[in-house]
Amino acid sequence: MPKDEKPAPQVVPPRPGLGHLIDATGYSIAGMGRLWRETAARQELILGAVALGLLALFGASVAQFLGFGVLFALLLAVEALNTAIEVLTDRISPEWSRAAKDAKDLGSLAVGLMVLCNVGFVAAVGLGLV
C-alpha cells in the first residue's frame with residue numbers, strides 16, 4: 001500500500017449487553033447532532049415550541065400534552081428517516097435520476113403528513129375536539 005493511502009476502516013462488531021446500550025445511545029446522540037444540521041428539523045423544533053405554547057394557552061390537559069409529545073417525537077423520527085434517505089440517495093445516485101427524486105419526494109411527503117398531524121392535533125385541542 002502506498003504511503004499516502006489510508007487503510008479502509010474496519011467494521012467493528014457490536015458489543016454485547018450494556019456496552020451495546022451505551023454504543024446505541026452514542027449513535028442516537030450523533031444522529032440528533034446530524035439532524036440538527038437540517039434546516040427543516042430546526043424549523044420543526046420551533047414549530048414544536050410554538051405548539052407547546054398554544055397548548056398551554058388552550059389549557060391542555062396532561063394527556064393532551066403527552067399526546068402531542070408522542071406526535072412530535074414521531075415527526076422528528078420521520079424527519080430523521082427522511083434525512084437518512086436523502087443522504088443515502090445522494091451517495092448512491094449523485095446525478096439526477098427519477099428514482100432518486102421519487103425517494104426524496106416520498107420522504108418529504110411523510111414529513112409533511114406528520115407536520116399536518118401535529119398541527120391538526122393542536123388545532124383540535126384548541127377547538128375542544130380532543
Side-chain angles (χ1 to χ4, degrees):
M1 174 183 332
K3 280 185 171 182
D4 58 346
E5 280 190 42
K6 294 180 182 177
Q10 299 297 311
V11 175
V12 179
R15 297 189 302 172
L18 186 59
H20 179 77
L21 180 62
I22 292 168
D23 292 344
T25 301
Y27 301 145
S28 295
I29 292 168
M32 190 61 194
R34 173 58 182 86
L35 188 61
W36 179 251
R37 296 196 318 258
E38 291 293 312
T39 301
R42 292 192 307 271
Q43 291 170 342
E44 290 155 4
L45 287 167
I46 292 168
L47 173 73
V50 169
L52 286 173
L54 286 173
L55 289 173
L57 186 68
F58 298 151
S61 68
V62 171
Q64 290 167 326
F65 274 104
L66 289 174
F68 175 74
V70 169
L71 277 175
F72 190 71
L74 288 170
L75 169 60
L76 290 180
V78 170
E79 182 64 55
L81 292 171
N82 180 50
T83 299
I85 289 168
E86 290 177 353
V87 168
L88 288 173
T89 301
D90 289 345
R91 167 84 175 162
I92 293 167
S93 180
E95 72 287 341
W96 188 93
S97 72
R98 170 57 64 185
K101 181 185 183 322
D102 288 347
K104 289 182 173 189
D105 288 350
L106 289 166
S108 182
L109 171 63
V111 171
L113 291 172
M114 283 306 306
V115 168
L116 287 176
C117 288
N118 278 260
V119 170
F121 182 79
V122 172
V125 170
L127 293 171
L129 301 174
V130 182

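What you see below is based on every heavy atom in this structure, not just the backbone, and it leaves out hydrogens, waters and symmetry mates. Quick caveat: nothing in here was measured; it's all calculated off a predicted structure.
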Is Val87 linked to Leu81 within one hydrophobic cluster, defined over Ile, Leu, Val, Met, Phe, Trp and Tyr using a side-chain heavy-atom separation of less than 4.5 Å?
no
Cluster check Phe65, Val125: I/L/V/M/F/W/Y, side chain < 4.5 angstrom
yes
Hey, does Gln43 have a side-chain heavy atom less than 4.5 Å from the side chain of Ile46?
no
Would you say Arg37 and Arg34 make side-chain contact, with heavy atoms under 4.5 Å?
yes
Heavy-atom closest contact (Cys117 atom, Leu71 atom, distance):
O-CD1, 3.9 Å
Could you state the interatomic distance from CG (Leu75) to CG (Leu47), rounded to the nearest 0.5 Å?
7.5 Å
Main-chain N/O of Thr89 paired with Ser93 side-chain donor or acceptor, under 3.5 Å
no
Is the shortest heavy-atom distance from the side chain of Glu79 to the side chain of Thr83 under 4.5 Å?
yes
Answer yes if Val70 and Met114 sit in the same cluster of Ile, Leu, Val, Met, Phe, Trp and Tyr residues linked by side chain heavy atoms under 4.5 Å apart, and no otherwise.
yes
Asn118 and Glu44: side-chain contact (heavy atoms from CB on, under 4.5 Å), yes or no, with the steps?
CA-CA 10 Å; Asn118 278 260; Glu44 290 155 4; over 6 Å; no
Scanning both residues in full, the closest heavy-atom pair of Ala124 with Val130 reads CB-CG2, 3.3 Å
Closest non-hydrogen atoms of Asn82 and Ser108, given as atom of the first, atom of the second and distance, are OD1-N, 3.4 Å
Donor-acceptor pairs under 3.5 Å, side chain of residues 52-59 to any protein atom, not counting sequence neighbours: which ones?
none

Do Leu109 and Asp105 have side chains that get closer than 4.5 Å, going by heavy atoms?
no
Could you state whether Leu74 and Val122 fall into the same hydrophobic cluster, counting links through intermediate Ile, Leu, Val, Met, Phe, Trp or Tyr residues with side-chain heavy atoms under 4.5 angstrom apart?
yes
Applying side-chain contact (heavy atoms from CB on, under 4.5 Å), run through Thr39 and Arg42 and close with a yes or a no.
CA-CA 5 Å; Thr39 301; Arg42 292 192 307 271; 3.4 Å; yes
Start with the C-alpha distance between Leu76 and Leu45, add both sets of side-chain angles, then the distance that settles side-chain contact (heavy atoms from CB on, under 4.5 Å), and finish with yes or no.
CA-CA 9 Å; Leu76 290 180; Leu45 287 167; 4.0 Å; yes
Glu95 atom CD: more than 12 heavy-atom contacts under 6.0 Å
yes
Do the side chain of Glu38 and the main chain of Leu35 share a donor and acceptor less than 3.5 angstrom apart?
no
Would Val50 and Phe72 show up in the same hydrophobic cluster when neighbours are defined by side-chain heavy atoms closer than 4.5 Å?
yes
Do you know which two heavy atoms are closest between Phe68 and Phe121, and how far apart they sit?
N-CE2, 3.6 Å
